[in-house]
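Report on the following structure.
To find a chain, count down the sequence lines: A is the first, B the second, and so on, and within it residues start at 1.
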Protein chains: 4
Amino acid sequence: MRSKITPDGRKSPGRKKSTFIEEARRRQIVRSAITTIASGGLAQASLARIADEVGISKSVISYHFDGRDELIEEIVVALLSESNRFIRARVDQELGCPAKLRAYIEASFAFMAEHRENFVAMVDIWGSFGTVDAKRAFNATAYDPCRRHLEAILRRGQQEGDFRGFTPRTLAATIQGSIDGVMLQWVFDEGAVDLAECAAELTIMFDLATRNPAGGAPTTGSGE
Amino acid sequence: MRSKITPDGRKSPGRKKSTFIEEARRRQIVRSAITTIASGGLAQASLARIADEVGISKSVISYHFDGRDELIEEIVVALLSESNRFIRARVDQELGCPAKLRAYIEASFAFMAEHRENFVAMVDIWGSFGTVDAKRAFNATAYDPCRRHLEAILRRGQQEGDFRGFTPRTLAATIQGSIDGVMLQWVFDEGAVDLAECAAELTIMFDLATRNPAGGAPTTGSGE
Amino acid sequence: MRSKITPDGRKSPGRKKSTFIEEARRRQIVRSAITTIASGGLAQASLARIADEVGISKSVISYHFDGRDELIEEIVVALLSESNRFIRARVDQELGCPAKLRAYIEASFAFMAEHRENFVAMVDIWGSFGTVDAKRAFNATAYDPCRRHLEAILRRGQQEGDFRGFTPRTLAATIQGSIDGVMLQWVFDEGAVDLAECAAELTIMFDLATRNPAGGAPTTGSGE
Amino acid sequence: MRSKITPDGRKSPGRKKSTFIEEARRRQIVRSAITTIASGGLAQASLARIADEVGISKSVISYHFDGRDELIEEIVVALLSESNRFIRARVDQELGCPAKLRAYIEASFAFMAEHRENFVAMVDIWGSFGTVDAKRAFNATAYDPCRRHLEAILRRGQQEGDFRGFTPRTLAATIQGSIDGVMLQWVFDEGAVDLAECAAELTIMFDLATRNPAGGAPTTGSGE
DNA sequence: CATGAATGAGTCTTCATTCAT
DNA sequence: AATGAATGAAGACTCATTCAT
């Protein structure tokens with residue numbers, strides 16, 4: 001019972017009641033749905049099949065979610081936030097931007113290895129954004145935060161003189177892309193790529209590619 | 001009605017009649033289907049809609065293809081081979097493995113830029129491989145050839161002393177992943193990443209990351 | 001839960017508790033339901049929407065009414081009795097059958113004008129009597145009392161010599177029909193008919209059509 | 001296969017092909033649907049039940065009609081046009097407006113008597129126009145033409161001096177209303193009203209109510 | 001008295017596929 | 001070689017109703 005009938009604008013704020021049991025059910029459904037999608041593909045993940053996986057009736061899903069689309073949206077949010085939270089925690093533990101960058105890449109792969117299901121589901125969902133707008137919206141939700149996180153690290157690293165003078169935005173896209181691209185191959189066939197080796201390779205590579213050859217002096221503070 | 005007549009594995013050879021007009025129709029349908037998928041997503045690309053795009057009747061598709069799945073398979077093949085042919089041609093023009101590697105990356109991005117539709121469709125299709133087997137099959141068709149191509153370049157480069165002593169297989173996966181990962185972001189939002197800049201960044205980076213610091217001497221004959 | 005306790009025919013008398021608050025709730029629900037139906041049609045008036053309009057939970061309705069059907073039945077009763085009471089009061093104030101007839105017609109239209117919602121809802125509900133039996137039952141509840149009322153006026157008017165020798169039953173049906181038919185058009189489009197003008201026209205017309213040309217002498221005693 | 005996928009404006013003109021068999025099916029479905037609605041009510045007339053009545057599969061209806069709504073719309077059109085055509089033909093046979101008016105009323109009732117099913121279905125459908133807009137649209141389709149037809153007769157009758165100086169528009173609404181109102185009671189219970197008697201009563205009454213007391217002199221041509 | 005949660009029957013609709021022409 | 005017509009399976013969704021709290 002999400003947005004009820006009220007078709008007025010209000011929705012996000014407060015979100016009505018959100019009982020404890022309600023939230024629990026939602027999480028349970030989301031989790032089961034991820035499993036269902038991961039094992040059979042998004043197309044096969046009908047409400048019926050998901051409900052079956054949870055062990056409830058189809059209409060329970062309709063009761064807790066405003067429709068299949070809202071469920072999928074929530075799945076996306078769950079998948080992204082789980083991963084982001086993990087990575088961010090690891091990054092925050094490190095001091096110095098080179099270490100943070102390394103942590104970002106390593107944490108990304110570490111999380112992957114532990115949550116294969118999430119990523120298999122994610123790749124299946126990727127294809128479901130039919131319209132250009134939906135794709136763009138997904139980009140805004142999924143990629144922009146990651147890239148901005150990376151960008152912040154890179155930019156600060158430049159200010160602190162650890163990184164050389166590249167375009168932070170482009171490098172952020174490149175780093176995130178490298179991680180996702182390797183992930184993608186691994187999703188399609190777990191045995192096709194060695195996640196750990198790729199992680200190591202990328203870590204070294206981007207460390208090399210970002211480092212300031214001049215040493216630890218701040219880029220902006222060239223007036224030593 | 002394709003495999004009704006020849007249910008054995010082989011496909012291209014024999015193929016009963018394969019009239020000229022027949023092949024033309026098939027290509028026409030495949031091309032239109034790609035456009036349809038790219039513009040509205042795979043889910044919206046029903047036979048009806050594709051037929052509409054071509055300007056023919058639904059049943060024509062059923063007539064020429066052994067079902068929707070065969071059509072999509074053919075689309076995948078078409079998408080991959082177009083791209084691979086282009087890249088391979090560019091790579092073959094170059095002498096020396098570092099140049100070939102550079103060509104591989106640059107050609108990949110060049111082809112993307114010219115055929116956005118192909119990649120948008122591809123990403124949509126990615127999600128449609130529901131089962132683990134289907135995913136693995138796609139990996140075999142789509143990624144293995146690319147990685148093997150890269151691997152061959154890398155390995156030969158090592159033999160010729162241009163490249164350092166990395167694991168070719170892992171680096172191949174990493175390179176291909178970097179290209180695809182950037183592509184992915186660009187598919188979701190054309191304006192989110194600058195394809196050319198990323199290409200340049202990756203080219204430099206992988207050149208840097210593969211080069212043999214010792215110079216042009218062959219890796220195997222290092223202890224000379 | 002109404003008839004669970006008393007599954008025999010009788011309804012009003014006994015009715016178990018019929019707390020004051022209980023009756024209030026029922027009336028409140030009925031009133032809100034009328035509004036809901038009038039504004040969105042019977043089909044859209046689900047228990048959920050009605051409950052929403054009242055500001056209570058769906059199950060409250062199920063608690064107070066023995067199902068959706070009982071609710072609608074009660075709505076019908078409410079709509080009819082409100083109107084009938086009003087008309088009857090006006091008619092009773094008049095002396096002489098021609099005046100009573102005029103009052104009947106004028107009161108009908110006066111009530112309409114003041115309670116548009118009621119009639120919009122009524123027309124929507126009309127269509128919901130699916131079976132022949134349900135329709136006949138509605139006829140017995142809704143039309144027979146009205147026609148009998150009119151019939152009584154007409155017959156007495158004939159006895160008193162004010163009206164000519166028509167068939168009271170038929171004329172009653174005709175008068176009631178004229179009122180309802182105009183109302184119907186007005187329900188579909190408030191601006192399409194001028195209620196007051198139609199009322200005036202009908203009043204004059206039926207006065208003309210019922211009057212005894214011979215004057216005030218009683219019909220039965222015509223040969224005096 | 002009505003409006004296909006093309007969501008551009010064009011639709012009504014040409015209407016694609018409209019094969020002979022296609023039109024036959026549509027008529028067959030419409031006819032059966034009317035029967036279904038008349039016998040069980042609109043709510044019970046699901047696509048499944050209608051398809052059952054025709055003896056076809058549910059999806060055949062979806063194939064020939066753009067959805068349930070289009071089917072119902074077509075039913076409305078069919079019901080109205082059948083009746084209107086019949087009445088118009090009868091009216092056109094008469095010379096002189098008083099005769100035409102009499103013919104209009106008599107034809108209305110004659111058609112009713114022969115096509116009870118149509119009117120039972122119609123009354124059921126009346127309630128299905130939920131929104132104000134839908135109601136207004138129905139008014140425009142159903143009532144306006146009738147009223148305009150009557151209005152034309154009345155106005156011409158005034159010009160020719162047969163009718164007195166009433167407001168044509170109001171009287172048209174009143175006449176149509178009287179017919180429909182009687183019909184309504186008859187729909188709810190066939191035995192409750194005597195159609196023929198009501199028709200006779202109304203015919204006389206409206207003849208009386210419209211006639212110019214001054215005789216056959218044209219109203220406008222007062223300068224005798 | 002009231003409610004949140006759950007249910008299952010039933011609705012419309014879409015789709016790939018088949019078949020006679 | 002092509003098509004219009006038909007089909008049945010499956011989908012998402014809505015709704016009145018029930019039940020424990």
Exercise. Record whether the side chain of C:Lys58 comes under 3.5 Å of the base of F:dT17 through a donor-acceptor pair of N or O atoms.
Key: yes

Self-check item: Which residue lies more 5' along DNA chain E, comparing D:Asp69 with B:Gly67 via nearest heavy atoms
Solution: D:Asp69

Quiz item: Quick one: stems for DNA chain F, with Watson-Crick or G-U pairs under 3.5 Å, at least three in a row?
Solution: E:2-21 with F:2-21

Quiz item: In terms of side-chain heavy atoms of B:His64, which of F:dA5, F:dA2, E:dC12 is nearest?
Solution: F:dA2

Quiz item: Between E:dA6 and A:Arg25, is there an OP1 or OP2 to side-chain N/O distance shorter than 4.0 Å?
Solution: yes

Quiz prompt | Minimum heavy-atom distance D:Ala38-D:Val120, with the two atoms named | solution = O-CG1, 3.5 Å

Self-check item: Whether A:Phe129 and A:Phe138 hold their rings parallel, tilted or perpendicular, with breakpoints at 30° and 60°
Solution: parallel

Practice problem: Starting from C1' on E:dT3, measure out to CD1 on C:Ile29 and report it in whole angstrom. | Solution: 13 Å

Quiz prompt | Whichever of C:Gln44 and D:Val60 has its nearest DNA chain F nucleotide further upstream toward 5' | solution = D:Val60

Exercise. Starting at atom CD of D:Glu23, determine the distance to atom C1' of F:dA5, rounded to an integer number of angstrom.
Key: 14 Å

Quiz item: Taking the side chain of C:Leu47 as heavy atoms from C-beta outward, which of F:dT17, F:dC13, E:dT17 is closest to it?
Solution: F:dT17

Quiz item: Rounded to the nearest Å, what distance is computed from the CG atom of residue C:Asp66 to the P atom of nucleotide F:dT17?
Solution: 9 Å

Would you tabulate the pairs of protein nitrogen or oxygen atoms and nucleotide nitrogen or oxygen atoms of nucleotides 19-21 of chain F closer than 3.5 angstrom?
none

Quiz item: In whole angstroms, how far is the P atom of F:dG4 from the CZ atom of D:Phe20?
Solution: 17 Å

Quiz item: salt bridge (charged side-chain N to carboxylate O under 4.0 Å, His left out): which pairs involve residues 30-44 of chain A, sequence neighbours left out?
Solution: A:Arg31-A:Glu82, A:Arg31-A:Glu117

Quiz prompt | Length of the CD-P vector between B:Glu70 and E:dA16, whole Å | solution = 15 Å

Practice problem: Check whether any side-chain N or O of B:Tyr63 sits under 4.0 Å from OP1 or OP2 of F:dA1, and answer yes or no. | Solution: yes

Quiz item: Quick one: salt bridge (charged side-chain N to carboxylate O under 4.0 Å, His left out) partners of B:Arg27, sequence neighbours excluded?
Solution: none

Quiz prompt | Nearest-nucleotide pick for B:Glu22, side chain only, options being F:dT7, F:dA1, E:dA16 | solution = F:dA1

Quiz item: Starting at CD1 of D:Ile50 and ending at P of E:dC12, how long is that distance when rounded to a whole Å?
Solution: 8 Å

Result block: side-chain N/O donor-acceptor pairs under 3.5 angstrom for residues 44-51 of chain A, not counting sequence neighbours:
| unit_1 | atom_1 | unit_2 | atom_2 | d |
| --- | --- | --- | --- | --- |
| A:Ser46 | OG | A:Arg49 | N | 3.3 |
| A:Arg49 | NE | A:Gln44 | O | 2.8 |

Exercise. Could you tell me which residues satisfy salt bridge (charged side-chain N to carboxylate O under 4.0 Å, His left out) with B:Lys135, sequence neighbours excluded, listed by chain and number?
Key: A:Asp124

Quiz item: Any sub-3.5 Å donor-acceptor pair from A:Ser128's side-chain atoms to A:Ile125's backbone N or O?
Solution: yes

Exercise. Determine yes or no for a side-chain-to-main-chain donor-acceptor pair under 3.5 angstrom, with D:Arg26 supplying the side chain and D:His64 the backbone.
Key: yes

Quiz item: Once you round it to whole Å, what is the distance between C1' of E:dT18 and CZ of B:Arg68?
Solution: 18 Å

Quiz item: Toward the 5' end of DNA chain F, which comes first, A:Ser46 or B:Gly55, by nearest nucleotide?
Solution: B:Gly55

Quiz item: Whole Å only: how far is the CD1 atom of A:Ile61 from the P atom of E:dG8?
Solution: 13 Å

Exercise. Would you confirm whether A:Thr19, through its side chain, and A:Glu22, through its main-chain N or O, come within 3.5 Å as a donor-acceptor pair?
Key: no

Quiz item: What nucleic acid atoms does A:Ile21 come within less than 4.0 Å of, heavy atoms only: base, sugar-phosphate, or nothing?
Solution: sugar-phosphate

Quiz prompt | F:dT14 phosphate, OP1 or OP2, under 4.0 Å from C:Arg49 side-chain N/O | solution = no

Quiz item: How close do B:Thr141 and B:Leu80 get, heavy atom to heavy atom, and via which atoms?
Solution: O-CD1, 3.9 Å

